[in-house]
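These notes concern the structure reproduced below.
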Amino acid sequence: MSRHQISVSIDRLRGKRADAGPTRRMPGDDRSCPKCESHFRADEMERNCYVCAVCGYHFPMTARQRLDHLSGGAGWEEIGGELRAADPLRFIDLQPYTERVQAAEAKGATEAIIAASLEIEGRPCVVAAMDFAFLGGSMGSVVGERFARAAEVAVAQNVPLISITSSGGARMQEGVLALMQMAKSIVALDELAQAGLPFLMVLAHPTTGGVWASFASLGDVTYAEPGALIAFSGPRVIEQTTREKLPADFGLAERQYDHGHVDAVVDRRDLPRRLAHLMMILEQPPRDEAQSLASQLAQNGTERAARMAQALPSLTRRFRGQSESSSAGEVSGS
Amino acid sequence: MSRHQISVSIDRLRGKRADAGPTRRMPGDDRSCPKCESHFRADEMERNCYVCAVCGYHFPMTARQRLDHLSGGAGWEEIGGELRAADPLRFIDLQPYTERVQAAEAKGATEAIIAASLEIEGRPCVVAAMDFAFLGGSMGSVVGERFARAAEVAVAQNVPLISITSSGGARMQEGVLALMQMAKSIVALDELAQAGLPFLMVLAHPTTGGVWASFASLGDVTYAEPGALIAFSGPRVIEQTTREKLPADFGLAERQYDHGHVDAVVDRRDLPRRLAHLMMILEQPPRDEAQSLASQLAQNGTERAARMAQALPSLTRRFRGQSESSSAGEVSGS
Amino acid sequence: MSVSTHPSGRGGRFVRRIAGKIAGAEVVSGDIWDAIQLARHQDRPYPLDYIARLMPDFEEIHGDRAAGDDPAIVAGIGRYHGAPLAIIGQQKGRDAQDRAYRNFGMPSPEGYRKGMRLMELCDRLQIPLVTLIDTPGAFPGAQAEEHGQGGAIARSMMMMLRLSVPTVAVVIGEGSSGGALALGVADRVVMLENATYSVISPEGASAILWRDAAKAKLAAAAFKPIAANCYRWGIADAVVPEPEGGAHTSHDEAARFLDGYLLRTIRELQAIPRVDRNRQRHERFRRLGAQREA
Amino acid sequence: MSVSTHPSGRGGRFVRRIAGKIAGAEVVSGDIWDAIQLARHQDRPYPLDYIARLMPDFEEIHGDRAAGDDPAIVAGIGRYHGAPLAIIGQQKGRDAQDRAYRNFGMPSPEGYRKGMRLMELCDRLQIPLVTLIDTPGAFPGAQAEEHGQGGAIARSMMMMLRLSVPTVAVVIGEGSSGGALALGVADRVVMLENATYSVISPEGASAILWRDAAKAKLAAAAFKPIAANCYRWGIADAVVPEPEGGAHTSHDEAARFLDGYLLRTIRELQAIPRVDRNRQRHERFRRLGAQREA
Ligand SMILES: [Zn+2]
Ligand SMILES: [Zn+2]
């Protein structure tokens, strides 16, 4: 009975070592495994979802790579892609914030999160994927706004919301406005919850600070990638503050599973299948819409039903079908 | 900054040692303190609420003594007093259950709980007090039924419910029907909660097993008497099962406070004042009843409001006054 | 397949098959001890055995988001006849290692809190809940106490009572003490033919009431905790048949019987308006007990 | 007394008194450092100081019913102008011993869970909630992490967002990081005149952004986390005046100013139908942020 549900590098177990390519270490090369020093060609990396084929180490991925991977290359429709970072505090530390943003944008990404509508193995959903390469995946106003819009599109399209996080926390250069994005993400998740739609989380390395202390820890089901650091305060801060000596695996996904904070540690190569499977399980069977609305009215009587009534004509209700079959008579009969 | 909010034997601190009477130990005498061996006259015991005036040890109290104490001798109106134990399993262990019940009843109590309407320092409430002297304060069908009726009277009279527990757990001689009293007590508390009425708990020695695992651990505010054992499994069972060596204060009120399960350890002599104070704080200001009902309807729309509408004419609404001042327009406006 | 139901009295051949048992069980104490042995049979199907057969598409959740994950409780969501269904069950182990890992099916507060996490999800996503009860009791351990074993059981009952979705509790093995009832406050409570439901294990009662750990058989005869009795007392709404000889003889057949009962019952419950269903759930537990008037 | 309010613009003499500050604060970095020192002044009133003055009849609750009681968070119910009011606050210590006991106002998950216990009570008994924010941040400790610091903060925010009663969050000292915001998702968020509200403490930012722990003043000037700025950014709905020289000069006067604001605001909020109030609360936090379009 295995305690950890980790699927590690089955390729290697099956003797596919040949697939792993030469094992020369090439320093500074982002295709060299920092764990076992194997080196891979770019096409090998992409084919293996940026997982080391030898030791299972999970390399960082950009948000675009995430969306390409989950959609199986079938494309995705971006949400809030026009949003860009502002500089509300005219913030300067060792470098002006605007310059940091320009430098990050120059590398091709538009922000530390990309949200998109897409299908994972044929199941429609909205995905908000973070990108550690963009200013440490920090959550500023654009991250909060894109996340909120992602949730709103999920409600409008009546599909689950999935998020993959990789973030050092709040974006300090936007000051307290960055902090407020935590609350904004909570508001968005409450709208999703009121619509009865699932929120599935994937915690990638690292998920820390304000991201972990807001939407990332509120998944209905929460997966983590192997070896991902998951923490509110990082190990270094804790050691400096409390002078505690922490174990080597402190805050890592496998240990967070032991402490009850993660439902499963899932190999990245299994993510599309696992997420599609979860969505399949959670999908409500189709129901008669009027009956469903009557049931909703009877249950809550207030804002939720009113919002539903407005939104009704445009929705497919795939996920909002009630498992109830109560009649309209319930409204007056109670 | 004291960690424990215990008021211990202030009489003694004030030098009232003379009040304590002779300190000869009289073995087997229930007026001899098992902790410090002081002995008291019956009138001294009653005057000091069955607390040792020397060391603060809390002697057991019967349910009637509890009700007399809380009501300040002003009397109380019993609820469900006509209920008596049945023997649904025709249960026999070393002695038939009916004989055990008869022996317990012969000592003057009618069951292991007495429920009553009364006033504590002028504040009306319903109190359900348990009695360890009656079959170890075990919870059988009568305890469950009286507790449920107590909650229902509290709802009907629109007053808080208070319970003082002293119990070894479920009454085994009533088998699985005794177990079900745990669920029954939960149902009763949910009715109370739906009526927006407070539930205040006082944990006396001992509160264990099924009583601790049901209503006793669901107080809105929970006091414990000093030295009370509070546990689901008692220390002996734990030591036998796990071969753990437990600390001497395991499960005691003061330690349960440290572990977050008790709001305050309160000297019995302070209970009337503390409970009345809590009720005073929690009392809702009077409101216009129709307006309150409209607000309720707008909020829930369903069973709670319907029940309120039925019950409305007979209630004083002391505790149900809404802190809202919304208008009837809310009903249709939502 | 068919089951005996209470109080509507529906059911087919099984009602006839166990009718004699229901009428006469109380006097045959040997039968009771046999049932207890069957309820604890080491090859008896456990929650994961039923889940594998009822819901091949199942996703287990782990952890209470506060202190840990309790392997004595399994919880998750699966695809059941074309719709989502949530299950919380007490899981014993089959071999020595697994038994220790599962803590002999004795849950800790972390386990009940994992269950409550799933209940909250059920409420929000409108997913019916089935609980599978099989435990000698909640774990009597120092840390379990300090993490609030009593409060966890009480809150689990309260949350089940309040759920807005249909709920079914099935005693599949031994249901002992508050540790079992924590998962038992459902719209329908049903027992497998050889399951038991009791305020305490016979061994526990023996040690306490007879002051002799060896009097478990006497205690069992006194408690009479078998399904037929619980059905008569109104504790169980139905008795679900097991394969001849007991559920351990065929996990597949046992699962088929349970499947038939669950499918019909969940649909019945879904047809009841929520407000009525919750009122009936309240009333069901409000009326249980036996007392007389002086 | 009067306060400056946002966005309705009501308020009396105080708006005039701090009007200059609100307009000019951004450029005067020395003022910012002064405000930070005032926000952290060791004689500044802490929650229990306000509670003693606003609600002589107050009952503190203790414990999260799972793991312990966190002295860095005080929570309880009191009698406020003839009605019940609940308060959750972050409590620093004044002397060395008390500071250690209160863990310097840095809450653990147990503290946030104690707060959530009180929120649940507020919801059920229809009691308005006021939070008093004053923390350098949530405690960065190994056990706090393992007990779910991140999730506790997130759930505290969610529960506040969903509360059916009026809620007011008051930053009374330093409000730093998610540890502060955990208690900040309220109908009205207000700051005392010399309070600060920031994504991180100046010292923390200094170490991370300037890679030099001694650049806290620079960091403070960059963050500009003072009340006047937060008001302009829409983070704070109002600024409550302090006694001349700072709240530490007169706890009584500071409490009187707060009293005036709270009493009026709670009554205002109670006049709003619940559904509207909750929608406004959603919208308030939904719109915060600053971004441009490409
Ligand atoms: Zn490698
Ligand atoms: Zn004594």
Side-chain angles (χ1 to χ4, degrees), chain B residues 81-89 91-94 110 140-142 144-145 148 170-184 186-191 208-210 212-218 230-234 237-238 241-242 244 246 250-251 255 259-261 302-303, chain C residues 137-142 144-155 157-158 161-162 175 177-182 184-185 197-200 204-205 207-211 215 218-219 222-225 229-230 233 235 274-275 278-279 281-283 285-294:
Chain B
E82 72 283 9
L83 300 171
R84 296 288 184 286
D87 182 16
L89 275 67
F91 194 92
I92 302 175
D93 45 68
L94 296 179
T110 60
S141 296
V142 175
E145 183 65 24
R171 186 169 300 168
M172 285 179 277
Q173 292 88 350
E174 294 186 18
V176 70
L177 288 168
L179 185 68
M180 292 301 140
Q181 305 311 307
M182 294 171 65
K184 184 186 280 190
I186 299 290
V187 170
L189 286 185
D190 192 38
E191 299 289 325
T208 60
W212 175 232
S214 60
F215 67 91
S217 62
L218 295 178
I230 302 157
F232 179 63
S233 304
V237 172
I238 294 172
T241 310
T242 65
E244 293 177 84
L246 299 178
F250 184 82
R255 194 182 170 92
H259 283 100
H261 302 297
T302 52
E303 73 260 59
Chain C
F139 183 54
E145 290 292 329
E146 295 183 342
H147 285 190
Q149 186 73 280
I153 291 170
R155 286 177 182 81
M157 287 193 285
M158 184 64 96
L161 178 69
R162 290 176 173 166
S177 102
L181 184 61
V185 185
Y197 204 175
S198 184
V199 66
I200 188 172
I208 296 169
L209 295 181
W210 279 265
R211 293 173 201 135
K215 294 285 194 294
L218 268 181
F223 284 123
K224 314 182 254 276
N229 282 332
C230 291
W233 294 328
I235 305 295
R274 182 187 75 83
V275 173
N278 277 43
R279 184 175 34 74
R281 195 189 294 153
H282 272 73
E283 286 167 1
F285 288 93
R286 174 65 185 83
R287 70 172 172 254
L288 290 178
Q291 61 268 336
R292 59 197 167 86
E293 301 205 350

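Below, chains carry the letters A, B, ... as their sequence lines are ordered, and counting in each starts from 1. Atoms considered below: every heavy atom in the structure, side chains included; atoms not considered: hydrogens, waters and symmetry mates. Values in this document were obtained by computation on a predicted structure and should not be read as measured data.
- Side-chain contact between C/Ile200 and C/Ile208 is present, with at least one heavy-atom pair separated by less than 4.5 Å.
- Between chain B and the residues C/Ala222, C/Gly150, C/Gly141, C/Ala138, the most heavy-atom pairs under 4.5 angstrom are made by C/Gly150.
- In terms of heavy-atom pairs under 4.5 angstrom with chain C, the leader among B/Thr242, B/Val237, B/Leu218 is B/Leu218.
- Within the 4.5 angstrom heavy-atom criterion, atoms from both the backbone and the side chain of B/Ser214 approach chain C.
- When all heavy atoms of B/Phe232 and C/Gly179 are compared, the pair lying nearest together is CZ-N, 4.4 Å.
- Looking at B/Ala85, the atoms closer than 4.5 Å to chain C (heavy atoms on both sides) all sit in the backbone: N, CA, C or O.
- For C/Leu288, the parts sitting under 4.5 Å from any heavy atom of chain B are the backbone and the side chain alike.
- Comparing B/Gly81, B/Gly210, B/Ala231 by heavy-atom pairs within less than 4.5 Å of chain C, the highest count is held by B/Ala231.
- Judged by distance alone, the side chain of C/Arg281 and the main-chain N or O of C/Leu161 form a donor-acceptor pair under 3.5 Å.
- Remark: side-chain polar atoms of C/Arg155 are paired, donor with acceptor, to backbone N or O of B/Ser217 under 3.5 angstrom.
- Interface remark: of the candidates B/Thr110, B/Ile186, B/Ile230, B/Ile186 forms the most heavy-atom pairs closer than 4.5 Å to chain C.
- The two residues C/Arg211 and B/Leu94 come nearest to each other via the heavy atoms NH1-CD1, 3.9 Å.
- Rounding to the nearest 0.5 Å gives a distance of 3.5 Å between OH of C/Tyr197 and CE of B/Met180.
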Quiz item: Does the side-chain contact (heavy atoms from CB on, under 4.5 Å) test come out yes or no for C/Met157 and C/Phe285, once each step is laid out?
Solution: CA-CA 11 Å; C/Met157 287 193 285; C/Phe285 288 93; over 6 Å; no
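- For the set C/Ile235, C/Val199, C/Leu181, the entry with the most heavy-atom pairs within less than 4.5 Å of chain B is C/Val199.
- By number of non-hydrogen pairs under 4.5 angstrom with chain B, the leading residue of C/Arg162, C/Gln149, C/His147 is C/Arg162.
- For chain B, the nearby parts of C/Leu209 are the backbone and the side chain; heavy atoms of each come within less than 4.5 Å.
- Within the 3.5 Å criterion, the main-chain N or O of C/Gly289 finds no donor-acceptor partner in the side chain of B/Ser141.
- Taking chain C as the reference chain and counting heavy-atom pairs below 4.5 Å, the highest number among B/Leu177, B/Thr241, B/Asp93 is found for B/Asp93.
- Here B/Asp190 is the residue among B/Thr208, B/Leu246, B/Asp87, B/Asp190 with the most heavy-atom pairs under 4.5 Å with chain C.
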Quiz prompt | Trace of the salt bridge (Lys or Arg N to Asp or Glu O under 4.0 Å) decision for C/Arg286 with B/Glu145 | solution = CA-CA 8 Å; C/Arg286 174 65 185 83; B/Glu145 183 65 24; 2.9 Å; yes
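- Counting heavy-atom pairs under 4.5 Å between each of C/Arg292, C/Gln291, C/Arg279 and chain B puts C/Arg292 at the top.
- For a residue to count as touching a neighbouring chain, one of its non-hydrogen atoms must lie under 4.5 Å from one of that chain's; by this rule B/Glu82 touches chain C with backbone and side chain alike.
- For the options C/Ala207, C/Gly151, C/Gly175, C/Gly137, heavy-atom pairs under 4.5 Å to chain B are most numerous at C/Gly151.
- Here C/Ser177 is the residue among C/Gly148, C/Gly178, C/Ser177 with the most heavy-atom pairs under 4.5 Å with chain B.
- Ring pair B/Phe91/C/Phe223 is tilted by interplanar angle, where 30° to 60° counts as tilted.
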